[in-house]
Amino acid sequence: MLVGGQSVTEFLSSVLPVPGNSRLEDEFQRPLVTLTFAQSLDAKIAGKGGKQLILSGRESMLMTHWMRTKHDAILVGIGTALNDDPQLNSRHIPEDERPSHLPRPVILDTNLRLRPDCKLLKNYRERKGRRPWVICDANLTSGDERKSILEDAGARVIGVPSVDGRSCFIVIPDLLKVLYNFGIKSLMVEGGATVIGSFLAECARTKPNTIIDTLIITIAPMLIGDDGVGYAEKLLATQIPSLKHIQTEVMGRDVVVVSALK
């Protein structure tokens, strides 16, 4: 598939920063972060109650799977993990072209609600995927039955401090530092709505380039309506970072917009 005369991999290489070429990694002790998701024309990313929607067309879905191979890890929130039961792999790339590199699945799950029979853990047990890392509130990492159940199912459970000691939100800079120290140099954040909103708000609160490096949004030609789930409804104007446009490409029926954070 060609994108503006380039292959998909050439397109991604032209818009994604390369680990090791940025002083930000060592200065802030974090991986390079790509925030990416698909949305409808009315900025919805899921259906009513978080129900999974297939928004991306074939071409942009293939681009997303190639993008996964260019990152050390993929992060999703527990809402996405429960509603979509994702595999977070590169299965849409033709087998004869598929890179051997598999990204590490990372689930942001403050209260350890991930199901032990989910596809991510099943794929790991069947040697079809890498071992998932489950990020939870640091207060739950000692003697909690939920932790033992997930570890028995194959997960690695990692505790990170929560905001003000509450078990609802993980401190994002601490999360990124922990992942960096575990060897993750590039991180692809895919959603869902709460995770996207949290990363954008944290990016606006701090220096933008200390949290997110690249924002890639796939816009599908469809409308979902008020029942759909968006990612910006609860963000104040002061919580929305400024963007610098990098590139816009048409991929099949979809439009893919790439931006950097100012």
Side-chain angles (χ1 to χ4, degrees), residues 1-22 25 31-40 45 52-77 80-81 84-107 119-120 123-124 127-133 179 183-192 195-196 199 212-222 243 245-261:
M1 184 181 81
L2 294 180
V3 180
Q6 300 176 302
S7 68
V8 175
T9 54
E10 289 172 334
F11 164 72
L12 291 172
S13 295
S14 71
V15 298
L16 292 174
V18 179
N21 287 359
S22 172
E25 299 166 69
L32 293 173
V33 175
T34 303
L35 177 61
T36 183
F37 52 90
Q39 67 169 57
S40 62
I45 64 170
Q52 183 182 24
L53 296 176
I54 305 301
L55 294 169
S56 297
R58 181 177 62 85
E59 293 84 355
S60 63
M61 179 68 77
L62 179 61
M63 181 272 298
T64 298
H65 280 230
W66 273 111
M67 196 190 320
R68 288 174 174 176
T69 70
K70 294 183 175 294
H71 290 81
D72 293 334
I74 305 172
L75 183 144
V76 298
T80 296
D84 299 358
D85 197 13
Q87 299 188 64
L88 304 182
N89 56 22
S90 56
R91 65 192 181 279
H92 285 292
I93 300 174
E95 191 170 352
D96 60 342
E97 300 178 33
R98 192 180 306 155
S100 58
H101 168 71
L102 287 173
R104 172 82 60 187
V106 179
I107 302 92
K119 290 178 182 176
L120 288 172
N123 285 348
Y124 171 65
R127 300 181 182 273
K128 296 178 182 177
R130 298 188 70 182
R131 184 183 189 187
W133 291 357
L179 293 177
I184 302 300
K185 305 306 180 187
S186 57
L187 177 68
M188 182 171 166
V189 179
E190 289 198 18
V195 170
I196 294 168
F199 269 79
I212 300 170
D213 298 281
T214 310
L215 176 64
I216 301 180
I217 302 178
T218 296
I219 303 170
M222 61 180 70
L243 305 178
H245 177 258
I246 296 177
Q247 194 168 336
T248 298
E249 293 289 349
V250 175
M251 295 190 187
R253 66 175 196 182
D254 303 328
V255 173
V256 176
V257 181
V258 183
S259 301
L261 283 292

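Keep in mind that this is a model prediction, so the values were computed, not measured. Throughout, numbering of the chain's residues begins at 1 and tracks the sequence.
- Across all their heavy atoms, A38 and S56 have their closest contact at CB-OG, 3.4 Å.
- At distances below 3.5 Å, not a single donor-acceptor pair connects side-chain atoms of E97 with backbone N or O atoms of P94.
- Annotation: the span from R130 atom CZ to L88 atom CG amounts to 13.0 Å, rounded to 0.5 Å.
- Listed for the H92 side chain is no donor-acceptor partner under 3.5 Å among the backbone atoms of L62.
- Once rounded to the nearest 0.5 Å, the distance linking OG1 of T214 with CG of L12 reads 10.5 Å.
- Residues S14 and Q247 have side chains in contact (heavy-atom distance under 4.5 Å, counting atoms from C-beta outward).
- Between L32 and D213, the closest heavy-atom pair is CA-OD2, 3.2 Å.
- Of the inter-residue distances, the one linking S60 atom OG with H65 atom NE2 reads 10.0 Å to the nearest 0.5 angstrom.
- A 4.5 Å side-chain heavy-atom check between Q39 and T218 finds every atom pair outside the cut-off.
- At a threshold of 4.5 Å between non-hydrogen side-chain atoms, the residues P105 and I74 do not count as touching.
- Side-chain polar atoms of T34 and T36 form no donor-acceptor pair below 3.5 angstrom.
- Between W133 and L179, the closest side-chain pair of non-hydrogen atoms falls below 4.5 Å.
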Audit row: I216, L16, side-chain contact (heavy atoms from CB on, under 4.5 Å) steps and yes/no: CA-CA 10 Å; I216 301 180; L16 292 174; 4.0 Å; yes

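- How far CZ of R98 is from OG of S100: 11.5 Å, rounded to the nearest 0.5 Å.
- At a threshold of 4.5 Å between non-hydrogen side-chain atoms, the residues Y124 and P132 count as touching.
- G129 approaches L102 most closely through the heavy-atom pair CA-CD1, 4.2 Å.
- One distance of note links CG of L35 with CG of L215; it measures 5.0 Å at 0.5 Å rounding.
- One N or O on the side chain of T80 and one on the backbone of G192 form a donor-acceptor pair closer than 3.5 Å.
- Side-chain contact between N123 and Q87: present, with at least one pair of heavy atoms (C-beta onward) separated by less than 4.5 Å.
- Applying the side chain to side chain contact (heavy atoms under 4.5 Å, CB included) rule to S13 yields the partners K70; only residues at least two apart in sequence or on another chain are considered.
- Looking at every heavy atom in both residues, M222 comes nearest to I54 through CE-O, 4.1 Å.
- With S90 contributing its side chain and I93 its backbone, the two residues share no donor-acceptor pair below 3.5 Å.
- Shown here are the side chain to side chain contact (heavy atoms under 4.5 Å, CB included) partners of S186, two or more places apart in sequence or in another chain: P19, H71, D72.
- Inter-residue side-chain proximity for P221 and D254 is flagged as met; some heavy-atom pair is nearer than 4.5 Å.
- No side-chain heavy atom of M67 sits under 4.5 Å from any side-chain heavy atom of F11.
- Shown are V106, L75, I196; of these, the side chain to side chain contact (heavy atoms under 4.5 Å, CB included) with V189 is made only by L75.
- Remark: T64 engages R68, M188, E190 in a side chain to side chain contact (heavy atoms under 4.5 Å, CB included) (not counting sequence neighbours).
- Across all non-hydrogen atoms, the minimal contact from I219 to S40 is CG2-O, 4.3 Å.
- Rounded to the nearest 0.5 angstrom, I217 CD1 and S259 OG are separated by 6.5 Å.
- For the pair R104 (side chain) and R131 (backbone), a donor-acceptor distance under 3.5 Å is present.
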